[in-house]
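One structure is given here, and the rest of the page talks about it.
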Amino acid sequence: MVPDNTWASNIAADALRAAHTPGDSVVLTREFSVMGTVAHVVLVAGTEDMLDELVDVARFLNDRWSRFVSTSDISRLNSAEGSPVEVDPTTVALVMEMLAARRLTDGLYDPTILPRLIAEGYDRSRVDPELHTSLPASARWPVDTAGTTVSGNTITLPLGMTLDPGGIGKGFAADVLVTRALELGALGALVEIGGDLRIAGSAPDGQNWHIGIEDPHNPGHHCARVNLVDGAVATSSTLTRTWEHEGTTRHHLIDSETGMPLESDVVSVSVIAVSGAIAEVVSKCGFSRADFLLWAPSLGTAALVVHRDGSIAESENWKDYA
């Protein structure tokens, strides 16, 4: 099943069009379903075999990280109730990234929020309702992550702690795939998974990668454009990934202080960062932190926010990428 995810697809639209710019290098593209969304890959001086391998890697990561796959590393960790679990090395790297992101954002990004998402009705996949998340009776929120231990490929979570890779999983997967593309010999690569986009290496036109930022109030159109040589762009929105629960429309962004869906005048946040994982977690903070546009540059990121009334505000350094 191919999910209806026009919003995510349009974020990479400019880059995909740029892939057809005449040049000396062959440019290949691939679109496929993974992680409950649509992914796009653009390779400069790549091959179809490279694209095949990247698709395989993306699906391998999904099978290890999805909370909707009962045999995934994440599901086994969430069900372990304090017991050690041996996982794939990529899962170790993801969990370390999640814990580091919580520290980076002073807890505004909280990877342990899953019990609250379940309580708000997000227990089933938006793509395939037959896939659902089951948590043990001990699962709780809030929870102290300090007791998490990692020894080689074995992770032990404190009793009651559960993890939801969610957006950071997509951003980190984009980072992994771009790195792998260059290792395979591509001169340049763009990977976009559900709105989290990572690029590196030579652009299709031999200059910059040109990225369009989706207008949340006018799907299919852009509210801004950025030019990157190397880096990532992530966009989060309260207008997407919604569902009905107890007669109310809910969304996937949970306030890490109250455990309730975020209420904000901001409807969309886009962040430019060094990696997809960092761009993703910082973008989530734009819905709750009052000084966000001043704070984001202190982390080495640039940000743009779109308000409910359609007005747009940018961090001072956003213009560096325009």
Side-chain angles (χ1 to χ4, degrees), residues 2 5 8-66 88-94 96-97 165 167-212 226-235 271-281 301 321:
V2 178
N5 202 344
S9 301
N10 284 335
I11 292 177
D14 280 4
L16 292 170
R17 280 194 291 272
H20 299 286
T21 301
D24 296 329
S25 297
V26 174
V27 178
L28 299 176
T29 67
R30 182 76 62 86
E31 177 181 306
F32 59 98
S33 299
V34 73
M35 296 185 173
T37 187
V38 176
H40 296 92
V41 177
V42 179
L43 294 184
V44 178
T47 66
E48 292 291 343
D49 286 344
M50 290 180 189
L51 287 172
D52 290 341
E53 177 165 336
L54 295 177
V55 172
D56 289 343
V57 171
R59 290 177 173 159
F60 173 87
L61 297 178
N62 178 81
D63 291 344
R64 298 303 178 279
W65 298 350
S66 175
D88 188 81
T90 59
T91 305
V92 174
L94 173 65
M96 298 297 288
E97 193 82 20
I168 194 174
K170 296 178 179 65
F172 191 52
D175 294 332
V176 170
L177 293 179
V178 163
T179 297
R180 183 58 182 152
L182 298 187
E183 290 174 347
L184 290 172
L187 294 183
L190 175 150
V191 176
E192 182 260 339
I193 306 176
D196 294 337
L197 183 150
R198 176 75 165 91
I199 60 98
S202 300
D205 63 3
Q207 300 180 31
N208 295 332
W209 294 87
H210 311 295
I211 312 299
V226 297
N227 300 303
L228 292 178
V229 175
D230 187 300
V233 182
T235 296
V271 169
I272 301 170
V274 68
S275 72
I278 291 176
E280 165 65 30
V281 298
T301 66
Y321 303 94

4.5 Å side-chain heavy-atom contact, [X] and [Y]:
X: Glu97; Y: Ile168; value: yes
X: Leu190; Y: Ile211; value: yes
X: Val226; Y: Ile272; value: yes
X: Gln207; Y: Asn227; value: no
X: Leu51; Y: Val41; value: yes

What's the spacing between [X] [atom1] and [Y] [atom2] if we round to 0.5 Å?
X: Ser33; Y: Asn62; atom1: OG; atom2: CG; value: 10.5 Å
X: Leu43; Y: Leu54; atom1: CG; atom2: CG; value: 6.0 Å
X: Thr37; Y: Lys170; atom1: OG1; atom2: NZ; value: 6.5 Å
X: His40; Y: Phe32; atom1: NE2; atom2: CZ; value: 9.5 Å

Checklist entry - Which is it for Leu228 and Asn208 under the side-chain contact (heavy atoms from CB on, under 4.5 Å) test, yes or no, and what are the steps along the way? => result CA-CA 5 Å; Leu228 292 178; Asn208 295 332; over 6 Å; no
Residues forming a salt bridge (Lys or Arg N to Asp or Glu O under 4.0 Å) with [X], sequence neighbours excluded:
X: Asp63; answer: none
X: Asp52; answer: Arg30
X: Arg64; answer: none

Taking all non-hydrogen atoms of both residues into account, name the closest pair between [X] and [Y] and its distance.
X: Asp230; Y: Ala200; result: OD2-CB, 3.5 Å
X: Ile193; Y: Ala173; result: CD1-CB, 3.8 Å
X: Val42; Y: Val27; result: CG1-CG1, 3.8 Å
X: Ala58; Y: Val34; result: O-CG2, 3.6 Å
X: Val44; Y: Trp209; result: CG2-CH2, 4.0 Å
X: Ala232; Y: Arg198; result: CB-CD, 3.9 Å

Item to check | Contacts of Ser275 that satisfy side chain to side chain contact (heavy atoms under 4.5 Å, CB included) - sequence neighbours left out | outcome: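 Here the qualifying residues are Asp175, Ala277, Ile278.
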Partners of [X] by side chain to side chain donor-acceptor pair (under 3.5 Å), sequence neighbours excluded?
X: Asp88; answer: Thr90
X: Thr91; answer: Trp65, Asp73
X: Ser66; answer: none

Checklist entry - Run the side-chain contact (heavy atoms from CB on, under 4.5 Å) check on Leu177 and Thr179 step by step: do they pass? => result CA-CA 5 Å; Leu177 293 179; Thr179 297; over 6 Å; no
Donor-acceptor contacts under 3.5 Å from residues 180-188 side chains, at least two apart:
{"from": "Arg180", "atom 1": "NE", "to": "Glu53", "atom 2": "OE2", "distance (Å)": "2.8"}
{"from": "Arg180", "atom 1": "NH1", "to": "Glu183", "atom 2": "OE1", "distance (Å)": "3.2"}
{"from": "Arg180", "atom 1": "NH2", "to": "Glu53", "atom 2": "OE2", "distance (Å)": "2.8"}

